[in-house]
Every structure is written in structure tokens, then in C-alpha cells.
Number of protein chains: 2
Amino acid sequence: MTSTLGYAILAILARHPRSGYELSTAMSRPLGYFWTARHSQIHPELQRLVAARQVSFEQVPGPGPQDKKIYSLTDEGLAALRQWVVEPPQIRPERDEMVLKTYAAWLADPAELIRLFRDQLEAHERRLSSYEEQRASMPEAPAHGSPAFGNYATLWCGISYENHRIAWCRWMIGQLGTDRDLLEKNDQLSASLYPSWDAVKPSES
Amino acid sequence: MTSTLGYAILAILARHPRSGYELSTAMSRPLGYFWTARHSQIHPELQRLVAARQVSFEQVPGPGPQDKKIYSLTDEGLAALRQWVVEPPQIRPERDEMVLKTYAAWLADPAELIRLFRDQLEAHERRLSSYEEQRASMPEAPAHGSPAFGNYATLWCGISYENHRIAWCRWMIGQLGTDRDLLEKNDQLSASLYPSWDAVKPSES
DNA sequence: CTCAACTATGTCTAATCTGACATAGTTGAG
DNA sequence: CTCAACTATGTCAGATTAGACATAGTTGAG
């Protein structure tokens, strides 16, 4: 019944109570690296969670114009979150635009592709350093029952992911950088569409 | 103007013409590993692409009840696809449910978590073997201008990704398997919510 | 012969999510 | 003082997507 976004909110509130505004800033960085939501999604979801008695709130006069609503988990919310954590995840279909571009990369100019992958490589290297910095200011092996374990384990995943992505970008740049195909390039790009498609088995995907 | 789904369709049609039905089967396996769509999404999108003159179709009496519509790229569609390939990808926010569960993993029973991560590990190992099989029946280094290069490069990415994921699952299982915290477990799980939250700096996310 | 699986195209509702719109007080830089 | 940035909560229109509904002929197993 509760959506995954709902559980994301519960997971943050389990650390400590927050306002909707604080939740939306938390969902951009660093938690936003694996789950994002705008405030326009968070506010209605909080109302739903309150209706479902999984969170409650307390009105506090904040520094801003309006009263802050500080949300916290109810016992019911905590129980639901605990149950959800160990359930197998929904199979969300992967939709990776870079891989899709790669699937069609044979149609493009290698020099332009190299530029694209160099930019990607830089972005992933930047994110990796940011992760490494975070790891440096973190205890080595937090106890499983402490929130720090959640931070530590997600960070480990992020570092592993960025390393994978960096390796792949470097491999692509290497592949595209060989001279052999740069020479063939012009022929290939000017070749007509479907040169002999009815001679090709459709099973080749 | 054209959506990413539109480019996914163009990318498949660039290999060779297909019907909407064939597109939807292609979008489940193996292309579905990085881009999925149901036929209920594909048919309307094809109508849009026809209206935009990026694809055209030819009616063919198929084996089924209705005429097959065989779609193929127009020159305009091919040009649009080529341009899109080298453009920087949209920043799609990551939404990884397993990592979200990991973020909240400190709340759960380590034994149940191990079960969860073992299942994930097995799933990723299965997918990796399927990728390795595909690689075995594939030329070593296809020319950049041939569709086989697209297959080869996406497969390389998939193998790298599964290796990262497998490494992370194994690391998690190792972390959770230590006895030290199994002993602490009962204390932690029965600890009350927010034991001293107002003593904690809210900056700790 | 019957039934299930496959081929083939389409529509519709509901959920999720983005980006814009709307309002409004505080704080600090120049 | 003024203006931008920040804090703070909310709504709404539109795009994307999943899952169900709808129809209907062919093919092969038992």
C-alpha cells in the first residue's frame, strides 16, 4: 500500500524527525544519489503517511513565515519500515540512457563519442572523489544496529558503482580511439540505410 | 521533442525494420536489460514517430489476424538518431530500491538481510552467466561502424555492472555475517525510537 | 477437437514524477 | 535599502509508465 517513496521518507525519518523541507533537501544530497524526490512529491506523500498513521507531526514556529511541521515515525511506521527492508525489491526495469546511446553508437562519429564518454568519465571521477572524501570522515566498520552502518554500506555501493562506470568509460574511449576504424568511418557513415536488410536474419537483435 | 522511448525505438529500427510486436519483444530481452517498454507504450509512440516523419511503415499480411505494420527509419529519423547519440544524456535521478533498503538496513534483522542479499547475489550471478554466454558467441572486436559494435559495447557494460553488483552483495553478506553484532542485535532492535534525538545534530544525515 | 500459447494491434485507468505556479517571512551581501 | 538566497508549505497540469481490458486469427500439443 505504501509506495517506495513512502518507505524512502520513513527511512530518513528513522534517523531523526524532520520537516518536509528538510526531507526534500536530504533527498537531493547525499541520499539523492540513490533516491530523489521533489518537495511537490514529498508534501502529499507525508499527508498520506499521516493518514496511514505511519508518521505523526508536531507544529513548531520555524524561522520562516509558516509553522514548521516536524514529522516523526510512529511505532506503526517503524514496524512497516522494518518489514519492508527485508522484502525482495520490486523489479524496476533498468532505463539507462547512456547504455541506450551505446547500443546505437555504431551510427555516430567516433570523435564525438569520445568527447561524450570523456565527459561522462569526468563526472564519474568527480563523484567518486566526493564519495572517497565522505568515506575518509567515517568510522571504519560501524555496528549493524547503528544508522552509520546504513551510510557506510550505501557509500560502499556507490564507490563500487562509480569504479565500474569509470572502467567502462575508459574501455569505451580505448575502443573508439583506435585508428583502424577512423579510416573506415567515412564509408560507414555514408552507407545507405538497410544496405541488404532482407539478407539479414531478423533474429539478430 | 522526441522522447527517450522514441530514440530507443529508432535505435532498434536502425538495425532493421520491425513490427510493433517485434519491437515489444525486442524490448524485453536482451535489450530490456537496459531499456524496457510495453506494447501499450510502443504503439502510441510509433504513431507519434510516424507523425513526426521519423519512421514510415508498410502494411504486410502477417500470420496473425491483422495486417502487420513493418516500421522502418526514414532519413530524417536516422539523422535525428545520429544527432541524439552524441548529445549528453538527460540527468535521470537514480532510484535504486536495494540501496534504499541498505540505507535502512541498520533497522533489520541481520539474518533476514543475509537471505535478501544472497537472493540478489544469485540473481546477479545468473545474469552474469547469461551475459558471458552471449559474449562467447560474439566476435572479439567488431568494427565501430557495424551494429555488432553496439551489442559488444553494451554487453561489456552489463558484465562490468553485474561484477560490481556481485562484489557488493558479497561484501554485504560478509559484513552481516560477523558474530559481533549478532550479539548486539537484540538490544538494538528493542531500543526505543529516537533514544536521545534532541542531543543529536540534525546535520548528520 | 480443444485448449493454450503465440502473433498482432490497439485503448484506458491509475500511479508516479517533473516543472511550474503560488505565497511569504528571514537573513545577509553590497 | 534593495535584492537575492534561503526557509517553508502547498497545488496543479502534463508526461511517462504499468497493468488491465479488448479483439481475433494461427499453430501445435495432447
Side-chain angles (χ1 to χ4, degrees), chain A residues 1-9 17-29 32 34-52 55 57-71 89-97 100 202-203, chain B residues 1-9 17-29 32 34-52 55 57-71 89-97 100 202-203:
Chain A
M1 211 189 92
T2 305
S3 66
T4 310
L5 171 62
Y7 288 112
I9 291 172
R18 288 185 215 227
S19 69
Y21 181 79
E22 287 162 344
L23 276 164
S24 70
T25 57
M27 287 244 197
S28 46
R29 196 182 55 95
F34 58 89
W35 204 274
T36 330
R38 308 299 180 90
H39 76 278
S40 59
Q41 237 190 316
I42 290 169
H43 285 298
E45 186 63 36
L46 280 168
Q47 289 164 21
R48 253 170 269 143
L49 290 171
V50 168
V55 307
F57 66 92
E58 190 191 359
Q59 222 121 358
V60 169
Q66 289 163 55
D67 279 0
K68 245 179 169 176
K69 290 181 185 171
I70 301 290
Y71 293 89
Q90 289 175 44
I91 9 110
R92 280 199 155 234
E94 301 277 343
R95 283 202 184 86
D96 188 325
E97 198 173 323
L100 187 56
S203 66
Chain B
M1 211 188 93
T2 305
S3 66
T4 311
L5 171 62
Y7 288 113
I9 291 173
R18 290 188 214 225
S19 69
Y21 180 78
E22 286 162 344
L23 277 164
S24 70
T25 58
M27 288 245 197
S28 45
R29 194 184 56 96
F34 58 89
W35 204 274
T36 329
R38 307 299 180 90
H39 76 278
S40 59
Q41 235 190 319
I42 290 169
H43 285 298
E45 185 65 34
L46 279 168
Q47 288 164 20
R48 253 169 269 144
L49 289 171
V50 168
V55 306
F57 67 91
E58 192 189 358
Q59 222 121 0
V60 169
Q66 290 164 52
D67 279 359
K68 245 181 169 173
K69 290 181 187 172
I70 302 290
Y71 294 89
Q90 289 174 44
I91 8 110
R92 279 197 157 238
E94 301 278 342
R95 282 203 184 85
D96 189 325
E97 197 172 324
L100 186 57
S203 66

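Lettering follows sequence order; numbering is per chain, from 1. Just so it is clear, the model here is predicted, and its values are computed rather than measured.
Taking atom CZ of residue A:R95 and atom C1' of nucleotide C:dT16, one finds them 12 Å apart after rounding to whole Å. B:R48 has its CZ atom 11 Å from the P atom of C:dT11, to the nearest Å. Distance, A:E22 CD to D:dG10 P: 14 Å, rounded to whole Å. Separating the NE2 atom of A:H43 from the C1' atom of D:dT7 is a distance of 11 Å, rounded to the nearest angstrom. Between the NE2 atom of A:H39 and the P atom of C:dA22 there is a distance of 14 Å, given to the nearest Å. As rounded to whole Å, 14 Å separates atom P of D:dG10 from atom NZ of A:K68. In this structure, B:Q41 atom CD and C:dT13 atom P are separated by 17 Å, rounded to whole Å. Spacing between atom CD of B:Q47 and atom C1' of C:dA8 amounts to 14 Å, rounded to whole angstrom units.
A 3.5 Å limit on both hydrogen-bonding distances identifies D:dA22 as the Watson-Crick or G-U partner of C:dT9. Figure legend. D:dA15 is base-paired to C:dT16; pairs are counted as Watson-Crick or G-U wobble with both atom distances under 3.5 Å. Nucleotide D:dG28: paired with C:dC3 (Watson-Crick or G-U wobble, both distances less than 3.5 Å).
If A:T4 and B:T25 are placed on DNA chain C by their nearest nucleotide, the residue sitting closer to the 5' end is B:T25. Along DNA chain D, the nucleotide nearest to B:E45 and the one nearest to B:R38 differ in position, and the one closer to the 5' end is contacted by B:E45. Sequence order on DNA chain C of the closest nucleotides to A:L5 and B:K69 puts B:K69 first from the 5' end.
Within the 4.5 Å cutoff, no side-chain heavy atoms of B:T36 are placed close to those of A:E94. Counting heavy atoms from C-beta on, the side chains of B:M27 and B:I9 come closer than 4.5 Å.
For C:dT16, the OP1/OP2 oxygens have no side-chain nitrogen or oxygen of A:R92 closer than 4.0 Å. For D:dA8, neither phosphate oxygen OP1 nor OP2 lies less than 4.0 angstrom from any side-chain nitrogen or oxygen of A:R18.
Of the candidates C:dT16, D:dT9, C:dT9, D:dT9 carries the atom nearest the A:S19 side chain, counting heavy atoms from C-beta on. For A:Y71, the side-chain atoms get nearest to D:dG10 when compared with the rest of D:dG10, C:dC17, C:dA8. Considering only side-chain atoms of A:Y21, the nucleotide from C:dT18, C:dG10, D:dC6 that sits closest is D:dC6. Distance from the side chain of A:S40 is smallest for D:dC12 among the nucleotides D:dC12, C:dT11, D:dT16.
Between A:K68 and A:E22 there is a salt bridge, with a side-chain nitrogen of the basic residue lying less than 4.0 Å from a carboxylate oxygen of the acidic one.
Evaluated for a side chain to side chain donor-acceptor pair (under 3.5 Å) with A:E45, the options A:Q47, A:R48, A:Q41, A:H43 yield exactly one hit, A:R48.
Closest approach of B:Y71 and B:V50 over heavy atoms only: CE2-CG2, 3.9 Å.
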In sequence, state the C-alpha distance, the side-chain angles, and the governing distance for B:I70 and B:F57, and then conclude on side chain to side chain contact (heavy atoms under 4.5 Å, CB included).
CA-CA 5 Å; B:I70 302 290; B:F57 67 91; 6.0 Å; no

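In this structure, B:T36 reaches neither bases nor backbone, as no heavy-atom distance under 4.0 Å exists between it and the strands shown.
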